[in-house]
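Written below as structure tokens is the structure these notes are about.
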Amino acid sequence: MGLEQYRSRQLWQALYQQRVGSIEEITSLPKSVRDLLTRSGLEIGLPRITQTFLSSDGTERYLIACPDGETVETVWMPNGDDGELGDGSDAAIEEADATSKVGSSKLENSIPYRRATICISSQVGCAVNCQFCLTAKLGVKRNLTAGEIAGQVAAVLNRHQVKIGRDRINLVFMGMGEPFLNYDNFMAAVHLLVEGMGIPESRMTVSTSGILPGIERFAMEKLRPKLALSLNAPNDSIRESIMPITRKWNIEDLLAALHEVPLRPRERMTFEYVLLGGVNDRLQDARELSTLLRNSGLPCKVNLIVWNPGPDIPYRMPAPEDVGAFQQQLIASGVPAFLRRPRGRDIYAACGQLKRTVE
Ligand code: SF4
């Protein structure tokens, strides 16, 4: 357009640091430049939060509209779900929490937070078909663009008036969809979030159901979030029954691929484990799991997630005493194990419950 080069930097800062919703809001650009951008047909905007569901625990679930009318879900968890704990690279978290300022979005019903976690979607629906997950029922409609993925974060940060640098924000790519089946857009979004919005990649975690080629590509990335494998079983036969994708890439191959992912100092590989009553929550499963992980030689931790019920999903929640025994068995075997707090279960915002439920 014949504009000075620094105008592009101003535009970039307006989009990702000030998180503006229209060209008119970019006051760092003179009106003549704003008019030029508008006349050229450029449009900018943030994803629109069309519905908000508030949980009694402070969690908020949002239905977010894409320009083509599709909707995805994003979740705001004030004070996280404890899934961040236990990783050496986050060792300062409690200390920082004790001294950090308490943020508040000034919204009615919003609770103060010392740190907040945003759970982001990467696809409309999901093709992976994990048997315990409501999102799987949607099938996959389409990939989200990098802008739509990063835009979810911008929309939620604006809603809560979050200032990056002042407020502590963690991101988890664990919403609707399998990020490694939308790899290029997912990684482009990571770059926008790190280089544009200023959120460190060490505060981001991506969870995969075990897409082997995706793990291999991820291992080569210079800039990358932390990685979690959604394992959910101590052996292939149980895993196949709840995650059919295991037939394509088995546990042994996945563990071998994880070895190629370089870890930061003190970082551990995270294994997510959804406990399904009577399916994978027995003591013998915990023993087998700890042997599997110890033999893998990977520095690791396990995040235990009590399965969250959903309509037409043929599982039951594990008994509280079985959850405790499972965790203790892992810890006694030398495998760090943490129990994630279910967040927003009453509003279908918890793990595996994202299905655009509006009833
Ligand atoms: S658990 Fe994740 S990967 Fe599996 S079906 Fe649900 S959204 Fe997809």
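As the structure lists them, so they are numbered: ligands from 1, and atoms in each ligand from 1.
Salt-bridge check for K226 with E267: failed, with every basic side-chain N at 4.0 Å or more from each acidic carboxylate O. Salt-bridge formation is not detected for the pair R239/D236: no Lys NZ or Arg NE/NH1/NH2 atom is positioned less than 4.0 Å from an Asp or Glu carboxylate oxygen.
No side-chain N or O of E178 forms a donor-acceptor pair with one of S122 less than 3.5 Å apart.
Counting protein heavy atoms only, atom 2 (Fe) of ligand 1 is closest to G177 O, 4.3 Å.
Note: Y183 and F186 have perpendicular aromatic rings, judged against thresholds of 30 and 60 degrees for the angle between ring planes.
For the side chain to side chain contact (heavy atoms under 4.5 Å, CB included) criterion with L63, the lone passing option out of T52, V72, T50 is T50.
Within the protein, the N, O or S atoms sitting under 2.8 Å from atom 4 (Fe) of ligand 1 are C130 SG.
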Yes or no on salt bridge (Lys or Arg N to Asp or Glu O under 4.0 Å) for D184 and R217, after CA distance, side-chain angles and deciding distance?
-> CA-CA 10 Å; D184 291 334; R217 282 184 75 183; 2.7 Å; yes
